[in-house]
Amino acid sequence: MTILLPQTRGSAGRAPRLDIDLGAVAHNTRLLASRASGELMAVVKADGFGHGALDVARTALAHGATRLGVTSLEEAWALVDADLGVPVLSWLNPVDADFATATARGVEVAVPSLPHLAAVAAAPGRTRIHLHVDAGMARDGAEPASWALLCRTARRAEQRGEVEVVGVMGHLGCAADPADDCNALARTRFVWALEHARAAGLRPRDRHLAATAATLTDPRSHHTMSRVGAGLVGIDPSGTTSLRPAMTLTAPVVSVRRVRAGTPVGYGHAHRTSRATHLALVPLGYADGLPRAAAGCAEVLVHGVRRPVVGLLSMDQLVVDLADRGVDLGETVTVFGPGDQGEPTVAEWAAWAGTIEHDVVTGIGARIARRVRGVPHLRSLS
Ligand SMILES: *Cc1c(COP(=O)(O)O)cnc(C)c1O
């Protein structure tokens, strides 16, 4: 067996690395802003879908977004600390969440039920709230049967100065399939919810239903604002629009071995080589967020050529079949990227694993070094 000596390549990092391209986020934000009829809220929950909440927030605000949204209050604090100068909405909290601090720090909160309303109204100060209606997916938001009462109760709390109802929100369950009848039903239910709010005396400035897919495909759902998350980082659940993926994952080859035909590879000997070949070891596995379910389908880019990942993915490592071609130790392998150089995309990894792109990008592990490119010019947001 020939041992190939590593070549020194200056600053080319040897460790696995996740590159975040904020230029892609900027591009996607501009495209989404041009499609939205109303304002654009940048949803940066789950650390900006794994891309860095503050980096995505700043980029989106510099390129057309005017608002920020997250799920928990804990996620909101980091945005408030950064003092980005725009309202922040948090929409998924238990009834005993720290609404007093939310009010004190100016965070707007979604209210999906009477118990939540009572908790928010009891907090000192006047909290800005968005009443959240379930538009038909039996998940978050008030059930239609309780909506009228929620609106009336919120109006009374508003008159007492305990809350200010600045918004009404809903969410679409089937927007990824624009042809699904469920979208029309949800739109109708949302308009019905707005009418009830108005009848109760509420005058919500923000009325928002659409996320990325509906922003791109269904103007009738736009109302005064769109809440977009996936689209900012290049994911279009509707599959109708070409957005720019913002993540590239690379790793060095740790070792290369030449093996005979019939060599079993990895745990459970789940793969046997069909011919004599070279196998490269890459130090990335399911602990780094690569879905184990992609085994048997996954590929990576080596020297500009797609090569199959063989055997099961381990926690920390995977094996690539290089065929008759050796590589230098330390050679960089591209696991996924925007696809411009022929590398696999996150969408392909998701398909190989039977999941969606969101699942892959939000799962990339903390031990991978990150490099952020295209840091946006900070415009004044005061
Ligand atoms: C995550 C989320 C969004 C953003 O959805 P995308 O499809 O990622 O744009 C919008 N609204 C709510 C309530 C969400 O939870």
Side-chain angles (χ1 to χ4, degrees), residues 24-25 28-29 31-33 35-36 38-51 53 56-57 60 64-76 79 87-93 108-113 116 129-142 167-178 180 182-183 186-187 189-190 193 206-218 221-241 243-247 346-347 350 355-363:
V25 175
N28 297 330
T29 308
L31 189 149
L32 288 156
R35 298 283 190 89
E39 282 186 77
L40 199 67
M41 171 184 284
V43 177
V44 295
K45 62 189 181 185
D47 196 25
F49 289 56
H51 293 65
V56 174
T66 52
R67 312 283 289 269
L68 295 171
V70 287
T71 47
S72 70
L73 286 176
E74 285 67 27
E75 292 178 303
L79 299 176
V88 177
L89 170 65
S90 159
W91 57 74
L92 186 63
N93 290 290
E108 301 181 359
V109 296
V111 166
S113 73
H116 283 85
I129 64 172
H130 295 237
L131 296 181
H132 189 174
V133 66
D134 174 15
M137 62 188 297
R139 201 182 65 166
D140 201 3
V168 168
M169 67 182 283
H171 193 58
L172 295 166
C174 311
D177 179 5
D180 196 311
C182 134
N183 293 306
R187 284 197 312 267
R189 192 185 272 192
F190 188 67
D206 301 325
R207 302 179 293 278
H208 42 117
L209 176 63
T212 295
T215 300
L216 294 172
T217 64
D218 187 1
S221 69
H222 290 190
H223 296 275
T224 69
M225 184 160 73
S226 293
R227 303 182 307 267
V228 297
L232 300 175
V233 299
I235 300 170
D236 171 17
S238 75
T240 60
T241 309
L243 299 169
R244 285 196 201 152
M247 270 187 180
V346 168
T355 185
I356 56 174
E357 291 156 83
H358 315 52
D359 194 6
V360 178
V361 295
T362 57

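Order of appearance sets the numbers: ligands from 1, and atoms from 1 within every ligand. Here the structure is a predicted model, which means the values were calculated and not measured.
Here the heavy atom of the protein found nearest to atom 5 (O) of ligand 1 is A211 CB, 3.3 Å. In terms of protein heavy-atom proximity, atom 12 (C) of ligand 1 is nearest to W91 CZ2, 3.4 Å.
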Checking side-chain contact (heavy atoms from CB on, under 4.5 Å) for the pair L243/I235: CA distance, chi angles, key distance, verdict? CA-CA 7 Å; L243 299 169; I235 300 170; over 6 Å; no

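Between the side chains of H130 and H208, at least one donor N or O lies within less than 3.5 Å of an accepting N or O. In summary, the side chains of T362 and D359 do not present any donor paired with an acceptor at a separation below 3.5 Å, with no hydrogens or angles considered. A donor atom on one side chain and an acceptor atom on the other are found under 3.5 Å apart for H171 and R227.
Checked by distance only, ligand 1 and F49 stay at 3.5 Å or farther apart across all their nitrogen or oxygen atoms. For the pair T212 and ligand 1, the shortest N or O to N or O distance falls below 3.5 Å. An N or O contact shorter than 3.5 Å is missing between T71 and ligand 1 by distance.
Interface of V228 with ligand 1, defined as ligand atoms under 4.0 Å from a residue heavy atom, comprises 9 (O). Atoms of ligand 1 lying under 4.0 Å from at least one heavy atom of K45, given by number and element, are 1 (C), 2 (C), 3 (C), 14 (C), 15 (O). For ligand 1 and G229, the ligand atoms under 4.0 Å from any heavy atom of the residue are 4 (C), 6 (P), 8 (O), 9 (O). For ligand 1, the atoms closer than 4.0 angstrom to any heavy atom of A230 are 6 (P), 8 (O), 9 (O).
Checking side-chain atoms of R67 against main-chain N and O of E39 turns up no donor-acceptor pair under 3.5 Å. Panel note: side chain S226, backbone T215; no donor-acceptor pair is recorded below 3.5 Å.
Nearest heavy-atom pair, F49 versus H358, reported as atom, atom and distance to 0.1 Å: CE2-CD2, 4.0 Å. A110 and M169 make their closest contact through CB-SD, 3.8 Å (heavy atoms, listed as atom of the first residue, atom of the second, distance).
Counting only non-hydrogen atoms, the option in H358, R227, M41 that gets closest to atom 11 (N) of ligand 1 is R227.
Residue-level proximity to ligand 1 for H171 is carried by the side chain, the only part with a heavy atom below 4.0 angstrom.
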